[in-house]
Amino acid sequence: MLDKIEKILISEEQLQQRIRELGAELTRDYADKNPIIVGVLKGVVIFYADMVKQIKVPCEMAFMTLRSYNGTESTGQIQVVQDVTADIKGRHVLILEDIFDTGKSLDFTYRHLMEREPASIKICTLLDKPSRRRPEITLQADYTGFTIDDLFVIGYGLDYDEYYRNLPFVGILKPEEYNSKE
Ligand code: 5GP
Ligand code: MG
């Protein structure tokens, strides 16, 4: 699998270091708040598991699944495939996301959960690509791991056609790896 990688953008050590820093912040900010930590599957799964271990307060875990992307292209359509089952009314919700790209998914998730009247919703994204944000999206992340350039990244939960999620780092594929699909 490593022979398909052009470059490691964020190493395993850099990821774990930043997650410890975010964990310290979130531990302070969510002391006595008993948050529900919502992960948007599947891309967040690796970040989620590492992140929650660093948030040292009592919390609940919840997940939702959206369908929005094919290959590297956005279809513009977002559907809830699996919703949060917990009652979030009056609760403090922390959304964990893998990547804040055009912003459509996070904006959709935020509005969707807001309808259920939580006490608060904050967003923690591992990666942010601000240069890709659609102009109509005004939502901002409250906590960001790394801000990156407009590159299609894989690894640490992020896929290309469902593969490469299990890489422990964030990287980019060799250009020829996309050729067969596009
Ligand atoms: P948005 O709705 O912000 O455009 O996109 C969010 C979703 O698009 C992410 O949760 C992720 O599934 C996918 N996505 C956006 N940028 C990338 C990227 O660079 N690499 C991968 N693998 N997925 C991405
Ligand atoms: Mg995602």
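Note that the structure is predicted; figures quoted are calculated from it, not measured. In listed order, ligands and their atoms are each counted from 1.
- Ligand-side atoms of ligand 1 in range of D159: 21 (C), 22 (N), range being under 4.0 angstrom from any heavy atom.
- Other residues, nucleotides and ligands contribute only 12 or fewer heavy atoms inside 6.0 Å of the NZ atom of K4.
- Counting heavy atoms only, S105 comes closest to atom 6 (C) of ligand 1 of the residues G43, G155, S105.
- Atom numbering of ligand 1 starts at 1 in the shown order; those under 4.0 Å from a heavy atom of E97 are 10 (O).
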Could you go through residues 140-151 and list every donor-acceptor pair under 3.5 Å that involves a side-chain atom there, pairing it with any protein atom two or more places apart or in another chain?
| from | atom 1 | to | atom 2 | distance (Å) |
| --- | --- | --- | --- | --- |
| D142 | OD2 | I123 | N | 2.8 |
| Y143 | OH | D29 | OD2 | 2.5 |

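- Between the choices D161, V40, T102, the shortest heavy-atom distance to atom 1 (P) of ligand 1 belongs to T102.
- Under a 4.0 angstrom heavy-atom cut-off, L151 registers as being in contact with ligand 1.
- Centroid-to-centroid, the aromatic rings of F169 and Y156 stay 6.0 Å apart or farther.
- E21 and Q17 are linked by a side-chain donor-acceptor pair at a separation below 3.5 angstrom, with hydrogens and angles left out of the test.
- For ligand 1, one of its N or O atoms has an N or O atom of G103 under 3.5 Å away.
- Look at F152 and you'll find a heavy atom under 4.0 Å from some atom of ligand 1.
- Across all non-hydrogen atoms, the minimal contact from I36 to A62 is CG2-CB, 3.8 Å.
- Counting the atoms of ligand 1 from 1 in the order shown, those under 4.0 Å from a heavy atom of L158 are 21 (C), 22 (N), 23 (N).
- Heavy-atom contacts of K129 reach the following atoms of ligand 1: 16 (N), 17 (C), 18 (C), 19 (O) (cutoff under 4.0 Å).
- Listed by number with element, the atoms of ligand 1 under 4.0 angstrom from any heavy atom of D98 are 9 (C), 10 (O).
- In this structure, R133 does not count as a contact residue of ligand 1, since none of its heavy atoms falls inside 4.0 Å of the ligand.
- Atoms of ligand 1 found under 4.0 Å from any heavy atom of D101, numbered from 1 in the order shown, are 1 (P), 3 (O), 4 (O), 5 (O), 15 (C), 16 (N).
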